[in-house]
Amino acid sequence: MAGAWWIFCRVIDNFGDAGVSWRLSCQLSRHLGHPVDLVIDDWQTLARLEPALGDEPLENRAITTRGVRVWSWRRLEEQPEKLETSDPQVLVSGFSCELPEAVRFGLQQWKVAPLWILFEYLSAEAWVDDCHARPSPISSYPGQRYFYFPGFTRYSGGLLREPGLLDDRDDWQQNHSRPGWVAQAQRWLTLWAYPEAPWLALHEAICQDPELWGWCLFEGAALTNCILEHGLASIPVRVIPFQTQGNYDVCLWDADLNLVRGEDSFVRAQWAGKPLLWHIYPQEDGSHWNKLNAFLDIYLDGVEHSLAMAIRALFLAWNGKGAIVHCWQQVREQWGLWELHARYWSRTLAMQPDLVTRLVEFVENKLE
Ligand code: TRH
């Protein structure tokens, strides 16, 4: 596909919006074999994930890295001609965000209306398969507009996964010699969760574990500061710098348990092929419980009953429903089986085509 792709990202909070948009843009560029354009309204957040971008956007042009031309939303608004002359073929609204003024104006000017994709949030809920790839026409737009829902089934939009990712992971896990500090504990867990996560209860649980666990914390994260202020004398604690997005994966590959949140870190933990606990983004109306249970239903499908019950209970407890210490003991008794399942799960998911392959195919079909 030779035509220009423009991806738009508005950061609501935290890192997930930028994280998903960045991963999508890099993989699209690699897949298409030409640069794609990403417009983001929060440069500094993206620069934390990809420091090659530098702290500030350039005055009047994009910064290109990893095949992506990155534009500051505000700067682009100031010089809309950059976009108007690019004659885009595909527009992607990350998490269905509003488009910049310049694009909304261009939509009426361009001779051929680009295909417009509303890229949605990831969910394992059953309705996703019904809504994925549905048209979303609006009267003010003469072109085609479609919903695109990432998901876990072959009827959804799929999951972001770089080519060869699981082989790279296996190679790393089998051949990489682990740094000296790893020996300070028998098992390590990485912590990336929202501030209300019951980390103290989990800490109590791992302190009672027959094996010595260590916390691997990301510098600057709210929970890291909280834990450091509290002080944890009894077990090893390692604070590592906030990683580039690529290096974050490697931390997950090295750990024994990954505590993750949001959307992108949650998917990466699944590709890591290790046990994970998802601290789901809480919604005021409580709808996140359906989302969490829908994921657990597919993740635990076919898992031996007592292990499935124990993992579900621990996920719920980590999200505030239930006693962690008890759930932890139940899960630890069957730990080896969970490890096997996590690996099997990643390999099974990876048998489906990845999201970018599906998205490009979808777009090609619509543009035919
Ligand atoms: O940070 P998140 O929890 O953020 C988002 C937003 O809250 C958003 O509004 C919400 O809708 C969405 O979640 C679901 O999301 P996540 O997926 O945990 O994103 C973190 C990103 O940061 C991910 O791409 C991994 C990356 N990362 C690094 O690159 N280096 C690091 O050291 C760490 C800890 C994370």
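Both ligands and their constituent atoms are indexed starting at 1 by order of listing.
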Mark the output for [X] as yes if a heavy-atom distance to ligand 1 is under 4.0 Å, and as no if none is.
X      : value
Phe266 : no
Tyr194 : yes
Tyr121 : yes

Chi angles and distances behind the side-chain hydrogen bond (donor to acceptor under 3.5 Å, both in side chains) call for Ser156, Asp129: CA-CA 5 Å; Ser156 71; Asp129 288 352; 4.5 Å; no
Should [X] be counted as touching ligand 1, given the test is an N or O pair under 3.5 Å?
X      : value
Phe15  : yes
Tyr248 : no
Gly16  : yes
Glu263 : yes

Shortest heavy-atom approach to atom 34 (C) of ligand 1 - which of Phe95, Trp278, Trp192, Trp22: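 Checking each option, the heavy atom nearest atom 34 (C) of ligand 1 is found in Trp192.
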Arg268 charged N/C atom sitting above Tyr248 aromatic ring, 6.0 Å / 45°: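 No cation-pi geometry.
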Arg10 to Trp73 six-membered ring, cation-pi geometry met (6.0 Å, 45°):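 Yes, a cation-pi geometry.
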Donor-acceptor pair, [X] side chain versus [Y] backbone, under 3.5 Å?
X      : Y      : answer
Asp209 : Glu211 : yes
His279 : Tyr194 : yes
Ser25  : Ser21  : yes

Geometric class of the His176/Trp172 ring pair [parallel <30°, tilted 30-60°, perpendicular >60°]: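 It falls in the parallel class, under 30°.
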Only heavy atoms of [X], strictly under 4.0 Å: list the atoms of ligand 1 that pass.
X      : result
Gly19  : 24 (O)
Thr244 : 29 (O)
Gln243 : 28 (C), 29 (O), 30 (N), 31 (C), 32 (O)

Considering only protein heavy atoms, which is closest to [atom], and at what distance to one decimal place?
atom                    : result
atom 16 (P) of ligand 1 : Ser265 OG, 3.5 Å
atom 6 (C) of ligand 1  : Asp13 OD1, 3.0 Å
atom 26 (C) of ligand 1 : Leu49 CD2, 3.6 Å
atom 23 (C) of ligand 1 : Asp264 OD2, 3.2 Å

Pair Arg48 + Asp55, salt bridge at N-O below 4.0 Å: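 So Arg48 does not pair with Asp55 through a salt bridge.
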Ion pair check, Glu77 and Arg104, cut-off under 4.0 Å: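 Salt bridge flag = no for Arg104 with Glu77.
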Spacing of Asn290 atom CG and Gln283 atom CD [to the nearest 0.5 Å]: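 With rounding to 0.5 Å, CG (Asn290) is 11.0 Å from CD (Gln283).
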